[in-house]
Amino acid sequence: MNAGARPYAAVDLGASSGRVMVGRVGPDSLELTEVHRFANRPVRVPEGLRWDVLGLYAGVLEGLRRAGDGLASVGVDSWAVDYGLLDADGALLGNPVHYRDRRTEGVAQKVWASVPAGELYAATGLQYAPFNTLYQLTAARGTAQLAQARRLLLIPDLLTYWLTGEQGTELTNASTTQLIDPRTRDWSHEVAGRLGIDLSLFAPLRRPGDPAGMLRPEVLEETGLAGPVAVTAVGSHDTASAVAAVPAGGERFAYICTGTWSLAGLELDAPVLTEESRAANFTNELGLDGTVRYLRNIMGLWLLQECLRAWGEPEALGALLLEAAKVPALRSVVDAGDAAFLAPGRMPERIAEACRASGQPVPGSPAEITRCILDSLALAHRKAVTDAQRLAGRPVDVVHIVGGGTRNALLCQLTADACGLPVVAGPTEAAALGNVLVQARAHGPGGDLAGMRRLLTRTQPLTRYEPRGGTRRWEAAQARLA
């Protein structure tokens, strides 16, 4: 590690695992070390699917203990939309509801009766997803928990509150609630008022780089850290941190943040709020330094994760991918953005059923199903990148893939083939790197987003994939789904 640079701890919570990483940043160095990784396993209780947020917090504390003394700062990022409710004493009112819980089924239609879908998009720029915080709050209306609540904290803000005792709502994650106006980068009081949502539930907004408090004495004692240790607001939506760590030069790039989800799109200076954009289900989420993350949510490697869970062979992934590469390309594809794949369970059977229903060959073996998934993801990546360029009027020359999917060479190559563009894969731990870089510039000499990306390009291992074989066969596969 770079001994001359003070360390920063990045708490990075994904939908299937959490990790605490320690990063050191110098003028020409950027080094990241994983000190603790822990599972994130939701729990199904009689009332529905819930996050084990206490287990996650225990993992965070253990990670900080392993990080050791000398930390300059801590930053927390996680998945979006979900939240915890606090009572008047600041105590948590039950485990947060998981976004895959079924409570929001049919809720969107109730919301649209008060604020039509077109008006909602024009005001907030957020794509329709059944689990957006707006729909979750509507589903919770009339419950004892919401009636008792005096504060709502999104997941990374909740953990930051437990670490510091201070409450805030970080903007990049707040923009996924469907209650933020992406033009003003502030709450949409009109939308909230028409839907009867009390914005006073939310703590004051803060931006990436803002101070978020200091580690409480009790946290210092439990982790063995010598204080004081600052906590810094980062791009607390993990996608915001990941996009900040895209090692791009210039503006003509698309990105795909891969993991449980694939988030594919462009970085813009202003939102795209047209009806055509809404119909294409693109979202305008807020990023660092006044940017807009204009992207589409795709089901991502969740499809494969669920199949591996059903097959009971997660350790055999490498061999499975080698077998999948031998399966004929584009034999069968499914819509990787279809909400029918959102819930857990029976994923191999559901993929087979979707192929059967569309009149395509039905994949049977794990290798065939895996190839179907990867072809389908690459096809969805192609459509998102193509649609984003058209809707935003921004051509691109290269696609950057960051996150866990960078380890999947077959998916990266298929994405290059499908898009007809070179793909640059890396870094894998993009969210943690973006988290660390925001902390470093908040506590150091500063620097702009372009400078952060130049440092990433110089210091991180990247792999380039060139497109092969033309895009005509991908166009034909897309026509099959249409």
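What you see is a predicted model, and the numbers here were worked out from it, not measured in a lab. Note that these values count all heavy atoms, side chains included, but never hydrogens, waters or copies made by symmetry.
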E466 side, atom CD; R468 side, atom CZ - distance, nearest 0.5 Å
11.0 Å
Calculate, to the nearest 0.5 Å, the distance between atoms CG and CG belonging to N408 and L374 respectively.
5.5 Å
Other residues, nucleotides and ligands only: do more than 12 of their heavy atoms fall within 6.0 Å of CZ on R102?
no
With sequence neighbours excluded, residues passing side-chain contact (heavy atoms from CB on, under 4.5 Å) with A117:
W112, R278
Please determine if K110 and E105 form a salt bridge, counting it only when a charged side-chain N lies under 4.0 Å from a carboxylate O.
no
Given 3.5 Å as the limit, does a donor-acceptor pair link the side chain of S175 with the main chain of T172, or not?
yes
Sole residue of D157, D77, V76 in side chain to side chain contact (heavy atoms under 4.5 Å, CB included) with E170:
D157
Please tell me if the side chains of L414 and W474 come closer than 4.5 Å, counting only heavy atoms from C-beta onward.
yes
Quick one, R346 with E353, criterion salt bridge (charged side-chain N to carboxylate O under 4.0 Å, His left out). Give me CA distance, side-chain angles, the key distance, then yes/no.
CA-CA 11 Å; R346 295 186 59 254; E353 288 162 6; 2.7 Å; yes
Apply side-chain hydrogen bond (donor to acceptor under 3.5 Å, both in side chains) to the pair S73 and Q439, showing each step before the final yes or no.
CA-CA 7 Å; S73 170; Q439 293 184 67; 2.7 Å; yes
Contacts under 3.5 angstrom, residues 239-250 side chains, donor-acceptor by atom type, not counting sequence neighbours:
unit_1, atom_1, unit_2, atom_2, d
T239, OG1, H237, NE2, 3.4
S241, OG, G235, O, 2.7

Partner of H98 under ring-ring contact (aromatic ring centres under 6.0 Å, His included), chosen from W79, W51, Y83, F131:
W51
Working note: D82 + Q136, criterion side-chain hydrogen bond (donor to acceptor under 3.5 Å, both in side chains); need CA distance, chi angles, decisive distance, verdict.
CA-CA 8 Å; D82 290 335; Q136 293 199 42; 2.7 Å; yes
Would you give the length of the straight line joining atom CG of L308 to atom OG1 of T370, rounded to the nearest 0.5 angstrom?
6.5 Å
Gap between atom CG of L449 and atom CG of D289 - 0.5 Å precision:
5.5 Å
T406 versus T428, side-chain donor and acceptor atoms under 3.5 Å
yes
Parallel, tilted or perpendicular for F282 and Y294, by the 30°/60° rule?
parallel
When rounded to the nearest 0.5 angstrom, what is the spacing between CG in L391 and OG1 in T274?
6.0 Å
Intermediate values then yes/no, side-chain hydrogen bond (donor to acceptor under 3.5 Å, both in side chains), S358 and Q360
CA-CA 6 Å; S358 58; Q360 300 178 91; 2.8 Å; yes
Tell me, please, which residues at least two apart from S365 pass side-chain contact (heavy atoms from CB on, under 4.5 Å).
A367, E368
Run the salt bridge (charged side-chain N to carboxylate O under 4.0 Å, His left out) test on R371 and E323 for me, step by step, so that the C-alpha distance in whole Å, both residues' side-chain angles and the decisive distance to 0.1 Å come before the verdict.
CA-CA 9 Å; R371 184 56 186 257; E323 288 301 309; over 6 Å; no
Please state whether the rings of Y99 and W261 are parallel, tilted or perpendicular, taking 30° and 60° as the class boundaries.
tilted
Start with the C-alpha distance between E267 and R252, add both sets of side-chain angles, then the distance that settles salt bridge (charged side-chain N to carboxylate O under 4.0 Å, His left out), and finish with yes or no.
CA-CA 9 Å; E267 183 176 76; R252 292 170 63 97; over 6 Å; no
Check L32, D12, V25, T459 against L433 for a side chain to side chain contact (heavy atoms under 4.5 Å, CB included) and give me the one that passes.
L32
Stepwise salt bridge (charged side-chain N to carboxylate O under 4.0 Å, His left out) check, R350 with E306
CA-CA 11 Å; R350 287 152 66 195; E306 277 294 283; 5.5 Å; no
Taking it one step at a time, do Y8 and T232 satisfy side-chain hydrogen bond (donor to acceptor under 3.5 Å, both in side chains)?
CA-CA 10 Å; Y8 301 91; T232 305; over 6 Å; no
To the nearest 0.5 Å, how far apart are CG in L455 and CE in M452?
9.0 Å
A cation-pi test, strictly: NZ or CZ of R100 under 6.0 Å from the centre of the six-membered ring of W302 and no more than 45 degrees from its axis. Yes or no?
yes
Please state whether the rings of Y128 and Y135 are parallel, tilted or perpendicular, taking 30° and 60° as the class boundaries.
perpendicular
Looking at D210 and R207, is there a salt bridge between them, counting it only when a charged N and a carboxylate O are closer than 4.0 Å?
no
